[in-house]
Amino acid sequence: MTEYTPITEGKVREIYDVGDSLIITATDRISCFDVILNNNVTKKGTVLTQMSAFWFDYTKDILPNHMLSVDVNDMPEFFRQERFDGNSMMCRKLEMLPVECIVRGYITGSGWESYKKNGTVCGIELPKGLKESEQLPEPIYTPSTKAEIGDHDENISFEQSIEHLEKAYPGRGEEYAKKLKDYTIALYKKCAEYALGKGIIIADTKFEFGLDRDGNIIIGDEMLTPDSSRFWPKEGYEPGKPQPSFDKQFARDWLKANENHDWTLPQDIVDKTIEKYLQSFELLTGKKL
């Protein structure tokens, strides 16, 4: 049996090169504020992989994605181990584009802090008088650069995203930037409408895209998971205050409130985080893990 070691390890994911394709394994690690915490969140990796698979299937009419299979029996023998089962995805190889595509449908988090100061979010002027957590008249696209582990992503304007992509792809920067924006908004609108019908508000999320061998833009990485999105329960939603969440905002809030945390969560916070991840998966997909 051929053994494999990761070619890349991210904050949460490990990527293996198996020749014509990649295996992306979502671990049970959790990161907040771009730092990997000392805790593991059981089944988190499976939730991330299976939820991404669900959304990739749901949006393939908008654009293709990199998913080939989440069945370890389709993967090399090495991956038919318990530690890979359910949390691994075989994917097409892509040349990832150097922009994170963030879309905000509601005003919260850093967007709310910025709006309170000057009425804008990432340079985009918004209507006056918005309340915290209020739905925006239309979703806004606020791209960022991709940071290395330990660094922070940097918000950039749409115009800066054109420049950023132009450096990497001379002559294609504006074309790629416009396509990324259009795909991001279209994906968000379709999925946010679906999620609302299942009792979940998707306040904001981020997508990552890459180029396939033919130069087509394809969605890759993860999609609309509790790690890449802010999920709120529809029931009890009320603008004018922070909302309870299904995602790792729960862990973020605890870290903010406890400065001497040493990047370690207490077990009860870990347990509640697991519960939130599983609950969001079951509501959105109708399945239990």
Side-chain angles (χ1 to χ4, degrees), residues 10-13 26-45 47-48 51 100 102-122 124 126 130-136 140 142-156 200-206 222 224-281:
K11 292 188 280 280
V12 172
R13 283 171 177 70
T27 69
D28 289 340
R29 295 193 294 264
I30 182 169
S31 77
C32 292
F33 310 113
D34 292 322
V35 175
I36 299 168
L37 305 190
N38 295 319
N39 308 83
N40 275 351
V41 178
T42 308
K43 282 197 173 180
K44 176 174 170 286
V47 169
L48 299 183
M51 194 176 281
E100 288 201 337
I102 298 163
V103 55
R104 304 168 192 258
Y106 294 72
I107 188 158
T108 186
S110 62
W112 171 244
E113 294 305 317
S114 172
Y115 177 78
K116 284 192 294 184
K117 287 177 188 169
N118 56 26
T120 70
V121 175
C122 299
I124 299 169
L126 295 178
L130 292 176
K131 298 177 183 176
E132 182 176 7
S133 306
E134 189 169 349
Q135 185 174 15
L136 297 171
I140 58 172
T142 59
S144 77
T145 59
K146 291 184 184 178
E148 296 297 320
I149 293 178
D151 293 333
H152 292 280
D153 300 334
E154 181 186 346
N155 291 329
I156 55 176
I200 289 181
I201 292 168
I202 303 175
D204 52 42
T205 193
K206 76 174 176 67
E222 63 183 316
L224 287 161
T225 71
D227 266 20
S228 66
S229 318
R230 215 182 301 252
F231 293 158
W232 297 335
K234 179 183 173 185
E235 186 177 351
Y237 165 70
E238 187 182 345
K241 60 182 183 181
Q243 307 298 310
S245 69
F246 285 107
D247 52 41
K248 63 183 179 181
Q249 191 63 37
F250 201 71
R252 287 192 199 104
D253 289 345
W254 186 89
L255 291 169
K256 276 186 185 175
N258 296 270
E259 290 183 4
N260 300 320
H261 50 64
D262 191 31
W263 300 108
T264 303
L265 301 171
Q267 190 57 43
D268 67 313
I269 299 296
V270 174
D271 292 342
K272 287 174 182 175
T273 302
I274 293 166
E275 187 183 321
K276 290 293 180 188
Y277 274 74
L278 290 171
Q279 191 182 7
S280 64
F281 177 82

Are Val121 and Leu136 close enough that some pair of their side-chain heavy atoms sits under 4.5 Å apart?
-> no

Shortest non-hydrogen separation from Cys32 to Arg252 and the atoms involved = SG-CG, 4.0 Å

Check for a donor-acceptor pair, side chain of Thr145 on one end and backbone N or O of Glu154 on the other, with a separation under 3.5 Å.
-> yes

Decide yes or no on side-chain contact (heavy atoms from CB on, under 4.5 Å) for Asn39 and Ile269, but give the supporting numbers first.
-> CA-CA 10 Å; Asn39 308 83; Ile269 299 296; over 6 Å; no

Can you tell me how far the CZ atom of Arg104 sits from the CH2 atom of Trp112, to the nearest 0.5 Å?
-> 13.5 Å

For atom CD of Gln267, decide whether the heavy atoms of other residues, nucleotides or ligands shown that lie under 6.0 angstrom number more than 12.
-> yes

Begin with the C-alpha distance, continue with both residues' side-chain angles, and end with the deciding distance and a verdict on side-chain contact (heavy atoms from CB on, under 4.5 Å) for Val103 and Ile140.
-> CA-CA 6 Å; Val103 55; Ile140 58 172; over 6 Å; no

Kindly indicate whether the side chain of Ser114, heavy atoms from C-beta on, has any atom under 4.5 Å from the side chain of Thr120.
-> yes

Report yes or no: does Tyr277 contribute a side-chain atom to a donor-acceptor pair with the main-chain N or O of Phe246 at less than 3.5 Å?
-> no

Can you find a heavy atom in the side chain of Lys44 that is under 4.5 Å from one in the side chain of Ile30?
-> yes

Ignoring hydrogens and angles, tell me if any N or O in the side chain of Thr225 forms a donor-acceptor pair with the backbone of Ser228 under 3.5 Å.
-> yes

So, Asn38 side chain and Asp262 main chain: donor-acceptor pair closer than 3.5 Å or not?
-> yes

In Å and rounded to the nearest 0.5 Å, what is the CH2 to OG1 distance from Trp232 to Thr108?
-> 4.5 Å

dist Cys122:SG -> Ile156:CD1 (nearest 0.5 Å) comes out at 9.5 Å

Verify, without hydrogens or angle tests, whether Ser133 (side chain) and Lys241 (backbone) share a donor-acceptor contact under 3.5 angstrom.
-> yes

Closest non-hydrogen atom pair, Gln243 against Gly236 = OE1-O, 4.4 Å

Can a salt bridge be assigned to the pair Asp204 and Arg230 using a cut-off of 4.0 Å between side-chain N and carboxylate O?
-> yes

Short side-chain to backbone donor-acceptor contact, Arg29 and Asn40, under 3.5 Å = no

Gap between atom CG of Leu130 and atom CD1 of Ile107 - 0.5 Å precision | 5.5 Å

Salt bridge or not for Lys43 and Asp28, using N-O below 4.0 Å?
-> no

Could you tell me whether a side-chain N or O of Glu134 sits under 3.5 Å from a main-chain N or O of Lys131, the two making a donor and an acceptor?
-> yes

Any chance you could measure Ile124, atom CD1, to Tyr115, atom OH, to the nearest 0.5 Å?
-> 13.5 Å

Ser31 side chain to Lys11 backbone, donor-acceptor under 3.5 Å | no

Do the rings of Tyr237 and Tyr106 sit parallel, tilted or perpendicular, given the 30° and 60° boundaries?
-> perpendicular

Below 4.5 Å, heavy atoms only, C-beta onward: do Asp227 and Lys248 meet side chain to side chain?
-> yes

Could you tell me whether Lys116 atom NZ has more than 12 heavy atoms of other residues or ligands within 6.0 Å of it?
-> yes

Output for pair (Ile200 CD1, Ser229 OG), nearest 0.5 Å, gives 10.0 Å

Could you please spell out the steps behind the side-chain contact (heavy atoms from CB on, under 4.5 Å) verdict for Arg13 and Glu222?
-> CA-CA 10 Å; Arg13 283 171 177 70; Glu222 63 183 316; 3.1 Å; yes

Give the intermediate values and the outcome of side-chain contact (heavy atoms from CB on, under 4.5 Å) for residues Leu265 and Leu37.
-> CA-CA 8 Å; Leu265 301 171; Leu37 305 190; 3.7 Å; yes

Between Phe231 and Pro226 the two heavy atoms that sit nearest each other are CE1-N, 3.9 Å

